[in-house]
Visitor: 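Let me give you the structure first, and then I'll get to my questions.
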Amino acid sequence: MNKWGKISLGMLLSVGLLTGCGQNKNDNNAATAGNTDAPATVKTLTMGTSADFPPYEFHKVVGGKDTIVGFDIDIAKDIAADMGAELVIKDLPFESLLNELSSGKIDMVISGLSPTEERRKAVDLSDIYYKAQQAVVVREADKDKFATMDTLKGAKIGVQAGSIQEDIAKGIEGAQLTSLTKISEIVLQLQTNRVDASIMEGPVAKSFVKNVKGLVITDATPEVEDDGYVIGIKKGNKDLLEQVNKTLTRLNSEGKIDEYVAAASALAESK
Ligand code: ARG
């Protein structure tokens, strides 16, 4: 090919690309739904979550592809379906979720979120969709040593940054806190003797001790203000709050939430 041949081919290619772009933007048919540059006619519902939390939300290879799954995700899919919207999932650090919500970067937070007075001031919270207790996770050899909350006084405790567990740990006399972004990082700290104990949601604790050798749940029972989970919505977004509560009521009456929890727990335990 001579010099001119190359240039004209290059020109043809760039013209082709430009045309392609233009078409994509004006293309309103359904086939483009799911693309990142989906046309504005497709309604999207963006949820923020910290996908480190089996069986609520976690990563799993499904059909060879890394996917975010869990019962919070199942619930989110129902909310989106009831609205006729496409669900978009954003995996974010737990401690950033409520700020992302207030700044409008996400539409809702579904992340095993516990209702607290402080959070209620910052965002709107849905009805409670599930309840669970808190648990203390330690190395197997320490199971009896940390059998009550009192024994955690002065201990090194690992918790998720921005969580209610961080507040629980702060309330323990002399406790030395290690606050980390992901639950898996806390588990690693436990395994490598950097912390003595961790406080986390019961179902999450169960999932981790099943999958990680050498860790157990003790008999200590941390108390919280409210042991339910809610969905966070930007303050004042009444329509979405109503829609979310409507779907939650439907799912509860159909017994779907318990079904989703059972399925997600089985999925979290499977290899
Ligand atoms: N329930 C606790 C809270 O609201 C912890 C939630 C952590 N969620 C997560 N997906 N890592 O503070």
Side-chain angles (χ1 to χ4, degrees), residues 46-60 67-77 87 89-102 106 108-137 157-172 177-190 197-209 211-212 217 221-233 244 248 257 260-261 264-265 267-268:
T46 305
M47 82 176 262
T49 193
S50 168
D52 63 335
F53 215 56
Y56 297 70
E57 44 266 334
F58 55 105
H59 286 262
K60 181 101 195 164
T67 313
I68 298 176
V69 294
F71 69 83
D72 278 349
I73 309 299
D74 294 329
I75 293 170
K77 282 182 183 162
L87 181 69
I89 304 171
K90 279 201 186 169
D91 188 6
L92 299 163
F94 183 76
E95 59 188 318
S96 75
L97 288 172
L98 295 189
N99 280 334
E100 297 282 314
L101 185 62
S102 295
I106 52 178
M108 58 181 186
V109 169
I110 313 190
S111 197
L113 187 72
S114 308
T116 65
E117 277 321 305
E118 207 187 321
R119 288 173 181 171
R120 212 177 277 287
K121 277 181 208 147
V123 300
D124 283 340
L125 301 175
S126 75
D127 297 337
I128 286 174
Y129 62 89
Y130 188 65
K131 282 190 171 221
Q133 250 113 51
Q134 303 299 311
V136 174
V137 177
I157 305 179
V159 284
Q160 185 159 42
S163 69
I164 59 159
Q165 289 78 15
E166 187 177 45
D167 290 335
I168 298 173
K170 276 182 189 159
I172 299 172
L177 265 64
T178 301
S179 298
L180 297 167
T181 302
K182 285 186 174 178
I183 303 281
S184 56
E185 293 167 356
I186 302 164
V187 168
L188 192 68
Q189 296 272 314
L190 265 175
S198 172
I199 304 170
M200 53 182 95
E201 252 76 24
V204 178
K206 270 191 206 141
S207 172
F208 275 102
V209 302
N211 284 308
V212 181
I217 295 172
T221 46
E223 295 292 331
V224 294
E225 273 179 55
D226 197 332
D227 54 1
Y229 303 101
V230 293
I231 294 173
I233 287 146
V244 163
L248 291 178
I257 295 189
Y260 291 160
V261 172
S265 304
L267 192 61

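Atoms within a ligand are numbered from 1 in the order they appear, just like the ligands themselves.
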Visitor: Does atom CD of Gln133 have more than 12 heavy-atom neighbours from other groups under 6.0 Å away?
Guide: no
Visitor: Just jot down the ligand 1 atoms closer than 4.0 angstrom to any heavy atom of Gln165, in number order.
Guide: 2 (C), 5 (C)
Visitor: Counting heavy atoms only, which part of Gln160 comes closer than 4.0 Å to ligand 1: side chain, backbone, both or neither?
Guide: side chain
Visitor: Taking only heavy atoms of Glu57 into account, list the atoms of ligand 1 that are under 4.0 Å away from them.
Guide: 10 (N)
Visitor: Below 3.5 angstrom, do we get any N/O pair linking Thr49 and ligand 1?
Guide: no
Visitor: Check for a donor-acceptor pair, side chain of Asn211 on one end and backbone N or O of Ala268 on the other, with a separation under 3.5 Å.
Guide: yes
Visitor: Within the distance-only criterion (no hydrogens, no angle test), does the side chain of Glu166 pair as donor or acceptor with the backbone N or O of Gly162 below 3.5 angstrom?
Guide: yes
Visitor: What protein heavy atom is closest to atom 9 (C) of ligand 1, reported as residue, atom name and distance in Å?
Guide: Phe53 CG, 3.3 Å
Visitor: Within ligand 1, which atoms have a heavy atom of Ile164 less than 4.0 Å away?
Guide: 2 (C), 3 (C), 12 (O)
Visitor: Where the side chain of Asp124 meets the backbone of Ile233, is there a donor-acceptor pair that is under 3.5 Å apart?
Guide: no
Visitor: Quick one: does Asp227's side chain have a donor or acceptor within less than 3.5 Å of a partner on Gln134's backbone?
Guide: no
Visitor: For Arg119, take its heavy atoms, then give the atoms of ligand 1 lying under 4.0 Å from any of them.
Guide: 3 (C), 4 (O), 12 (O)
Visitor: For Ser114, counting its heavy atoms only, list the atoms of ligand 1 lying under 4.0 Å from any of them.
Guide: 1 (N), 2 (C), 3 (C), 4 (O)
Visitor: Return the residue, atom name and 0.1 Å-rounded distance of the protein heavy atom closest to atom 6 (C) of ligand 1.
Guide: Gly112 O, 3.3 Å
Visitor: Please answer whether the main-chain N or O of Gly158 pairs with a side-chain N or O of Ser198 as donor and acceptor at a distance below 3.5 Å.
Guide: yes
Visitor: Work out whether the distance between some heavy atom of Ile183 and some atom of ligand 1 is less than 4.0 Å.
Guide: no
Visitor: Below 6.0 angstrom between ring centroids: does that apply to Phe71 and Tyr56?
Guide: yes
Visitor: Below 4.0 Å from any atom of ligand 1, is there a heavy atom belonging to Phe94?
Guide: yes
Visitor: Check whether any heavy atom of Met200 sits under 4.0 Å from an atom of ligand 1.
Guide: no
Visitor: Tell me which one of Ser163, Gly162, Pro115, Ser111 gets a heavy atom nearest to atom 8 (N) of ligand 1.
Guide: Ser111
Visitor: For Ser102 and Leu98, indicate whether the former's side chain and the latter's backbone hold a donor-acceptor pair under 3.5 Å.
Guide: yes
Visitor: Quick one: do the Gln160 and Gln165 side chains pair a donor with an acceptor below 3.5 Å?
Guide: no
Visitor: Does Glu166 have a non-hydrogen atom less than 4.0 Å from ligand 1?
Guide: no
Visitor: Flag Glu201 as yes when one of its N or O atoms lies below 3.5 Å from any N or O atom of ligand 1, and as no otherwise.
Guide: yes
Visitor: Enumerate the atoms of ligand 1 whose separation from the nearest heavy atom of Asp52 is less than 4.0 angstrom.
Guide: 9 (C), 10 (N), 11 (N)
Visitor: Atom CD1 in Ile106, atom CG in Leu101: separation rounded to 0.5 Å?
Guide: 5.0 Å
Visitor: Please indicate whether Lys182 has more than 12 foreign heavy atoms, meaning atoms of other residues, nucleotides or ligands, lying under 6.0 Å from its NZ.
Guide: no
Visitor: List ligand 1 atoms under 4.0 Å from Leu113, heavy atoms only on the residue side.
Guide: 4 (O)
